[in-house]
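These notes are about the structure you will find just below.
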Amino acid sequence: GVTGECHAHRNIQMSHGDREQRVFELAQRLGFRAEKDGARFTLAYEAGDAAPFREENLSLEQAEEILRTWKLRGPHGG
């Protein structure tokens, strides 16, 4: 969907806590399990016929980037 894209310029003003909350919300919406350990994140995806995916020890920025990419391309890479 296109919703939310027009507000991208506001992301700079989001607090760290807000950004973390969005990571958890987006992860849940995309079928990921997100975990936080200190300042680091783990993202895991196991659903349907898509290949399992797991990334550990991610920074907030890395977690955001993975979820953004996944949202755009989907679990099948296209």
Side-chain angles (χ1 to χ4, degrees):
V2 183
T3 53
E5 307 297 335
C6 59
H7 300 296
H9 65 280
R10 292 175 50 209
N11 288 352
I12 298 164
Q13 299 169 0
M14 290 178 69
S15 75
H16 197 80
D18 288 340
R19 289 172 61 201
E20 289 182 355
Q21 187 61 39
R22 279 192 60 194
V23 164
F24 283 105
E25 289 171 2
L26 183 56
Q28 185 176 25
R29 219 165 57 228
L30 295 175
F32 278 83
R33 188 175 74 251
E35 298 167 5
K36 186 169 179 255
D37 181 18
R40 308 305 279 184
F41 290 85
T42 296
L43 293 175
Y45 180 88
E46 297 173 20
D49 56 354
F53 172 93
R54 184 177 178 89
E55 287 282 343
E56 300 178 341
N57 199 31
L58 299 167
S59 67
L60 176 59
E61 291 76 16
Q62 289 171 317
E64 288 172 326
E65 184 62 31
I66 287 171
L67 292 172
R68 268 197 304 268
T69 302
W70 199 272
K71 184 176 163 187
L72 292 174
R73 69 177 175 82
H76 299 286

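Owing to the predicted nature of the structure, the values given are computational and were not obtained by experimental measurement.
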Asn57: partners by side-chain hydrogen bond (donor to acceptor under 3.5 Å, both in side chains), with sequence neighbours left out: Arg40
With Glu55 via side-chain hydrogen bond (donor to acceptor under 3.5 Å, both in side chains) - residues at least two apart: none
Atom of Tyr45, atom of Leu30 and distance for their closest heavy-atom approach: CE1-O, 3.1 Å
Closest approach of Val23 to Ala63 (non-hydrogen atoms, all atoms of both residues): CG1-CB, 4.2 Å
Quick one: side-chain contact (heavy atoms from CB on, under 4.5 Å) partners of [X], sequence neighbours excluded?
{"X": "Ala27", "answer": "Phe32, Ala34, Leu43, Leu67"}
{"X": "Gln28", "answer": "none"}
{"X": "Gln21", "answer": "Glu25"}

Listed partners of Arg33 passing salt bridge (charged side-chain N to carboxylate O under 4.0 Å, His left out), at least two apart: Glu35
Listed partners of Glu65 passing salt bridge (charged side-chain N to carboxylate O under 4.0 Å, His left out), at least two apart: Arg68
Backbone of Gly38 reached by a side-chain donor or acceptor of Lys36 within 3.5 Å: yes
Side chain to side chain, Glu64 and Arg22, heavy atoms closer than 4.5 Å: no
Straight-line distance of Arg19 CZ to Leu26 CG, nearest 0.5 Å: 13.5 Å
Glu20 side, atom CD; Asp18 side, atom CG - distance, nearest 0.5 Å: 9.5 Å
